[in-house]
There are 2 protein chains.
Amino acid sequence: MAIPRAAKTQRRTRIQEEKEEVILEAALDVFSMHGFKGATIDQIAEVAGMSKPNLLYYFRTKEAMHRALIDRVLDTWLDPLREFDAEGNPEIEIKSYIRRKLEMARDFPRESRLFANEILRGAPTIMEELDDLRKLVDEKAEVIRAWVKAGKISRCDPYHLIFSIWATTQHYADFDVQVRAVLGPTRSGDGRFEDAARFLEQLYMNGLQVTT
Amino acid sequence: MAIPRAAKTQRRTRIQEEKEEVILEAALDVFSMHGFKGATIDQIAEVAGMSKPNLLYYFRTKEAMHRALIDRVLDTWLDPLREFDAEGNPEIEIKSYIRRKLEMARDFPRESRLFANEILRGAPTIMEELDDLRKLVDEKAEVIRAWVKAGKISRCDPYHLIFSIWATTQHYADFDVQVRAVLGPTRSGDGRFEDAARFLEQLYMNGLQVTT
DNA sequence: TGTAATGTTTACCAACCGGTCAAATTATCC
DNA sequence: GGATAATTTGACCGGTTGGTAAACATTACA
């Protein structure tokens, strides 16, 4: 008899590893495009190239699938912020943070939209994780405050600084259609990320009067 | 016999005016929270305080309701950008644009989230309207370019400047839960909009080296 | 190679959801 | 007040969707 997935906490088969990977990849496609309610298991199963009951053998509910997906992505999503280094100098740190966030918007737009969807809906499934986020941001806000105190950047609210970097970078993933529509077909090539990087670096370097 | 709503293009009853208002208000609540697919007509009907068939008497499909809602909101949503004045001086214009956009994020978060939802899903219902948006932005980008040419602000990409203002301000509506979670209960009062305004004004005034 | 565990499929179900219908009720206007 | 148009409701329907049951197929392993 088949053992329900939740029961076998220890050993995972080769097939399990592979199929779960395929499923989560497909789920990312569908969830990020249509949101949680808008996505259907049949859709995900089709993209994953398997039957619905087969998919439900690996993730027993749609909810479980969504949760697994978000948990996995959440980790890598915050990596750029974690790398924010107190020892480094503000110019390098802020510039590279913007770069990395922009790269993620360019290379992982589905992940960005998945989160945007989740937050838009009031973060029903990652409420607790938001507390960890708060601690991380608190920590990094302290770093920024130290830079201010040391006179390396001008006085500013570190939280709103971080919010603004999140917003401006993720915008290119979450509002991609709008950005493309406004820039028009000719200027919508990959070059737009370079343009964005240039603009944002200038904005923040001058805006924070970072001493180089 | 009741005349279907679409037929009577001219005269609208007192009751029609009122009920349609109530319905759109309720629809805004539900659509902005759950997205198009996630929202159900029953839900909207309950919030609107009427039965589902009664609601469908005024809007014959869920789609029609959503469309009416977006069309109505779209107009007022772009007002701040339209007011962007070429004659004005950059400091006043940019500052007040930021202010107005922040006020809208504070006072009309549901409208903001409705749009965010729409754009996230690839703007299926307002694709054509995006063309008007492009024209408007093109126009305003020209204004900004003129300021650059006149040496009133530093050289920058006007499109990405506009994107960044959209992103940073709407962030406080669309990602409200996250902002609150990060700021914590004590700093999540209405004061956060003032803090945001202060930060953003400083960022943009210095960032663009606006001559005062 | 045999067998037990794992993986897959077909058929199905109950709940939900968008929308209809016809009858009942209420507002409007002469 | 009565005819007529506008509004409201309860009952219902067909399609979709999340999820299940059980038979069937395959793999892992002794």
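Order of the sequence lines fixes the chain letters, A, B, ..., with proteins taken first and strands second; residue numbering starts at 1 for each chain. For clarity, every value in this text was computed on a predicted model and none was experimentally measured.
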K.L.:
Rounded to the Å, how far apart are A:Glu63 CD and D:dT17 C1'?
P.N.:
15 Å
K.L.:
Taking five pairs at each end, how big is the angle between the two axes of the helix from C:dT1-D:dA30 to C:dC30-D:dG1, to 10°?
P.N.:
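Overall, the helix from C:dT1-D:dA30 to C:dC30-D:dG1 bends by 20° from one end axis to the other.
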K.L.:
B:Phe59 has an atom CZ; how far is it from atom C1' of C:dT20, in whole Å?
P.N.:
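It works out to 19 Å between those atoms.
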K.L.:
Look at B:Glu194 together with B:Arg99 and state whether they make a salt bridge at an N to O cut-off of under 4.0 Å.
P.N.:
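Here B:Glu194 pairs with B:Arg99 in a salt bridge, since their nearest N and O are under 4.0 Å apart.
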K.L.:
State whether B:Asp42 and B:Lys52 are salt-bridged, where the test is any N-O pair (Lys NZ or Arg NE/NH1/NH2 against Asp/Glu carboxylate O) under 4.0 Å.
P.N.:
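Looking at B:Lys52 together with B:Asp42, the answer is yes, because their closest N to O distance falls below 4.0 Å.
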K.L.:
Would you give me the side-chain donor-acceptor pairs under 3.5 Å for residues 160-168 of chain A, sequence neighbours excluded?
P.N.:
| from | atom 1 | to | atom 2 | distance (Å) |
| --- | --- | --- | --- | --- |
| A:His160 | ND1 | B:Tyr172 | OH | 2.6 |
| A:Ser164 | OG | A:His160 | O | 3.4 |
| A:Ser164 | OG | A:Leu161 | O | 2.7 |
| A:Ser164 | OG | A:Tyr204 | OH | 2.6 |
| A:Trp166 | NE1 | A:Tyr97 | OH | 2.9 |
| A:Thr168 | OG1 | A:Ser164 | O | 2.8 |
| A:Thr168 | OG1 | A:Ile165 | O | 3.2 |

K.L.:
Taking for each residue the nucleotide of DNA chain C with the nearest heavy atom, is it A:Asn54 or A:Lys37 whose nucleotide lies nearer the 5' end?
P.N.:
A:Asn54
K.L.:
Nearest whole angstrom, please: distance from the P of C:dC21 to the CZ of B:Arg60.
P.N.:
12 Å
K.L.:
Please report the distance, rounded to the nearest Å, between CD1 in B:Ile41 and C1' in D:dT9.
P.N.:
16 Å
K.L.:
Closer than 4.0 Å, any side-chain N/O of A:Tyr57 to the OP1 or OP2 of C:dG7?
P.N.:
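Checking A:Tyr57 against C:dG7: at least one side-chain N or O falls below 4.0 Å of OP1 or OP2.
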K.L.:
According to side chain to side chain contact (heavy atoms under 4.5 Å, CB included), who are the partners of A:His66, at least two apart in sequence or on a separate chain?
P.N.:
A:Phe31, A:Phe36, A:Ile70, A:Leu114, A:Glu118, A:Thr125
K.L.:
For A:Glu63, check salt bridge (charged side-chain N to carboxylate O under 4.0 Å, His left out) against everything at least two apart and list the hits.
P.N.:
none
K.L.:
Starting from the 5' end of DNA chain D, give me the residue, A:Gly38 or A:Leu56, whose nearest nucleotide shows up first.
P.N.:
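Result of the comparison: A:Gly38.
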K.L.:
Under 4.0 Å, counting only non-hydrogen atoms across every strand here, what does B:Ala64 touch: a base, just sugar-phosphate, or nothing?
P.N.:
nothing
K.L.:
Taking only side-chain N and O atoms of B:Gln16, does any of them lie within less than 4.0 angstrom of OP1 or OP2 on D:dT7?
P.N.:
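Result: yes.
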K.L.:
What are the residues of residues 42-53 of chain B, sorted by number, that bring a heavy atom to within less than 4.0 Å of DNA chain D?
P.N.:
B:Ser51, B:Pro53
K.L.:
Output all residues satisfying side chain to side chain contact (heavy atoms under 4.5 Å, CB included) with B:Asp75, sequence neighbours left out; order by chain, then residue number.
P.N.:
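Per chain and number, B:Asp75 pairs via side chain to side chain contact (heavy atoms under 4.5 Å, CB included) with B:Arg82.
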K.L.:
Can you tell me how far C1' of D:dT20 sits from CG of A:Leu55, to the nearest Å?
P.N.:
15 Å
K.L.:
Identify, with sequence neighbours excluded, every residue that meets salt bridge (charged side-chain N to carboxylate O under 4.0 Å, His left out) alongside A:Arg110.
P.N.:
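A:Glu25, A:Asp29.
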K.L.:
According to a strict under-4.0 Å criterion, is B:Tyr58 in side-chain N/O contact with OP1 or OP2 of D:dT8?
P.N.:
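Answer is yes, contact under 4.0 Å.
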K.L.:
Of all residues at least two apart in sequence or in a different chain, which pass the side chain to side chain contact (heavy atoms under 4.5 Å, CB included) check with B:Gln202?
P.N.:
A:Ser154, A:Cys156, B:Asn206
K.L.:
Starting the side chain at C-beta, find the nucleotide from C:dC17, C:dG19, C:dG7 nearest to B:Lys62.
P.N.:
C:dG19
K.L.:
Tell me every residue that passes salt bridge (charged side-chain N to carboxylate O under 4.0 Å, His left out) with A:Lys140, counting only those two or more places apart in sequence or in another chain.
P.N.:
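In terms of salt bridge (charged side-chain N to carboxylate O under 4.0 Å, His left out), with neighbours along the sequence ignored, A:Lys140 is linked to no residue.
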K.L.:
I need the CD-C1' distance between A:Glu17 and C:dT6, as an integer number of Å.
P.N.:
15 Å
